[in-house]
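Heads up: numbering here begins at 1 and tracks the sequence.
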Amino acid sequence: MPTMGFGAAQLGNLYRRTTDAEARGAVEAAWEGGIRLFDTAPHYGLGTSERRLGALLAGLPREELLLSTKVGRLLRPGLGGGDDLENGFAVPDDLERVWDMSEQGVRRSHEESLERLGTDRVDTLYLHDPEEGPTEQALAEALPALAAMREEGLVSRVGVGSKDVDVLLRAVGTGLVDQVMLSGRYTLLEQPAAAALLPACLEHGVEVVAVSVFNSGILARPTVPDDATYEYGAAPREMLERARTLAAAAELHGIELPDLAIQHPLRHPAITTVVLGMRTARQVRENLARAAARIPEELWEQIGA
């Protein structure tokens, strides 16, 4: 697994419209910068991200890239006439998400994703947010279905993507998964996954892909504003104070807070990859530079990381 991947939620118009030029520039800059892992999901813009990403990757050598998407939500005809901003995406609501963690639903979701992506395969297939849907069915039926698809050669790796440490720990304990995509639970700001989940991943040989390493915004800028977001809402005072302490320590060493946020998860031996959501070429280049910033060991020791 490469150490950095491209998260394509913004290609699905996360929070606001991403223009075609922005999307094309971001993917081209990622490729030129050496990024070879691209992650998407049906959830992102009701299929918009998959369609866009597939079209933008179509001219690139397939054998040189890794592509992942997710299952658990099927896209079916919606009411139309409105938008999907309630779910965070600036797209029309002509489709809607329907939870389906059955074996048939998982296989259908995979097939429909391949069609939207315009490809014959994805490399990793994740079960997406099982804690938000029928969790027990996800673990009892969807995970074995994914493992069967791997044995059939339909995908190379299978896993679970979630922000729920307990659900991920249960999934790892089944022995069926190759990877987990851990959202926001092992970051510079907080590390609840360190107690049991990451040791379990090491024990079972499960690779960990860290996402939401900025904790939805609070760690994304060199200085932490009063209106910084955490978990997609207003950051609590204690989180603001913690982030500002980290930012001040970084500044003393000539480093910026986002540099630390991107590099921190990779210091844990269980975490192989950080996937970052990026909307524009400029964001891609900034993140690549931050990932390459030289951070003195003294600073890591100072902040206890």
How are the rings of His128 and Tyr44 set relative to one another: parallel (under 30°), tilted (30 to 60°) or perpendicular (over 60°)? perpendicular
Looking at Pro42 and Lys70, what are the two nearest heavy atoms and their distance? CD-O, 3.2 Å
Enter the distance from Arg185:CZ to Glu190:CD here, rounded to the nearest 0.5 Å. 4.5 Å
Paired with Asn287, the side chain to side chain contact (heavy atoms under 4.5 Å, CB included) test is passed by just one of Ile35, Asp259, Ile262, namely Ile262
Mark yes when over 12 heavy atoms from residues, nucleotides or ligands other than Gln104 sit less than 6.0 Å from its CD; otherwise mark no. no
Shortest non-hydrogen separation from Leu176 to Arg150 and the atoms involved: O-NH1, 2.8 Å
Do Leu95 and Leu114 belong to the same hydrophobic cluster, where Ile, Leu, Val, Met, Phe, Trp and Tyr are linked whenever their side-chain heavy atoms lie under 4.5 Å apart, directly or via other members? no
Rounded distance [0.5 Å steps], CD in Gln263 versus CH2 in Trp300: 5.5 Å
Heavy-atom distance under 4.5 Å between the side chains of Asp93 and Asp83, does that happen here? no
Taking all non-hydrogen atoms of both residues, which atom of Val209 and which atom of Gln179 are closest, and how far apart? CG2-NE2, 4.0 Å
Is there a donor-acceptor pair under 3.5 Å between the side chain of Ser109 and the backbone N or O of Gly105? no
Show the numbers, then the answer: is there a salt bridge (Lys or Arg N to Asp or Glu O under 4.0 Å) between Glu256 and Arg221? CA-CA 8 Å; Glu256 293 186 336; Arg221 287 177 278 186; over 6 Å; no
Nearest heavy atoms of Ala228 and Leu240, plus distance in Å: CB-CD2, 3.9 Å
Nearest heavy-atom contact between Glu64 and Arg36 is O-CD, 3.3 Å
Is it the case that the side chains of Thr272 and Glu207 hold a donor-acceptor pair, with the cut-off being a distance below 3.5 Å and no angle test? no
Is the number of heavy atoms from other residues, nucleotides or ligands within 6.0 Å of CZ (Arg237) greater than 12? no
Do the side chains of Arg16 and Arg279 get nearer than 4.5 Å, heavy atoms only? yes
Angle between ring planes, Phe38 versus Trp31, binned at 30° and 60°: parallel, tilted or perpendicular? parallel
Heavy-atom donor-acceptor pair, Thr174 side chain to Ala171 backbone, under 3.5 Å: yes
Using modelled atom types only, decide if a donor and an acceptor are shared between the side chain of Asp178 and the backbone of Val158 within a distance under 3.5 Å. yes
Any chance you could lay out the side chain to side chain donor-acceptor pair (under 3.5 Å) test for Ser156 and Asp123, step after step, and finish with the verdict? CA-CA 5 Å; Ser156 300; Asp123 300 285; 4.5 Å; no
Should the heavy atoms of other residues, nucleotides or ligands under 6.0 Å from CZ of Arg294 be counted, would the total exceed 12? no
Taking atom CD of Gln302 as the centre, report whether more than 12 heavy atoms of other residues, nucleotides or ligands fall under 6.0 Å from it. yes
Would Thr40 and Thr69 count as a side chain to side chain donor-acceptor pair (under 3.5 Å) if you check the C-alpha gap in whole Å, the side-chain angles of each, and the deciding distance to 0.1 Å? CA-CA 5 Å; Thr40 183; Thr69 192; 5.0 Å; no
Evaluate side chain to side chain donor-acceptor pair (under 3.5 Å) for Ser183 paired with Ser212, printing each intermediate quantity in order. CA-CA 5 Å; Ser183 179; Ser212 301; 3.0 Å; yes
Inspect the surroundings of CD in Glu251 and state if more than 12 heavy atoms from other residues, nucleotides or ligands are less than 6.0 Å away. no
Is it true that Asp100 and Ser102 share a donor-acceptor pair across their side chains at a distance under 3.5 Å? yes
Within 6.0 Å of CZ in Arg121, more than 12 heavy atoms from elsewhere: yes
How far does OG of Ser162 sit from CD of Glu132, to the nearest 0.5 angstrom? 7.5 Å
Show the numbers, then the answer: is there a side chain to side chain donor-acceptor pair (under 3.5 Å) between Glu231 and Ser216? CA-CA 6 Å; Glu231 291 295 297; Ser216 85; 5.7 Å; no
Kindly indicate, with the supporting measurements, whether the criterion salt bridge (Lys or Arg N to Asp or Glu O under 4.0 Å) is fulfilled by Arg107 and Glu103. CA-CA 6 Å; Arg107 290 179 179 270; Glu103 178 175 3; 3.2 Å; yes
Would you say the side-chain atoms of Thr187 and Asn215 include a donor-acceptor pair closer than 3.5 Å? yes
Consider only side-chain N and O atoms of Gln191 and His268, and report whether a donor and an acceptor are under 3.5 Å apart. no
With rounding to the nearest 0.5 Å, note down the distance linking CZ in Arg52 to CG in Leu117. 14.0 Å
Is the backbone of Tyr232 close enough, under 3.5 Å, to the side chain of Thr229 for a donor and an acceptor to pair up by distance? no
How close do Leu189 and Ala243 get, counting heavy atoms only, and between which atoms? CD1-N, 3.9 Å
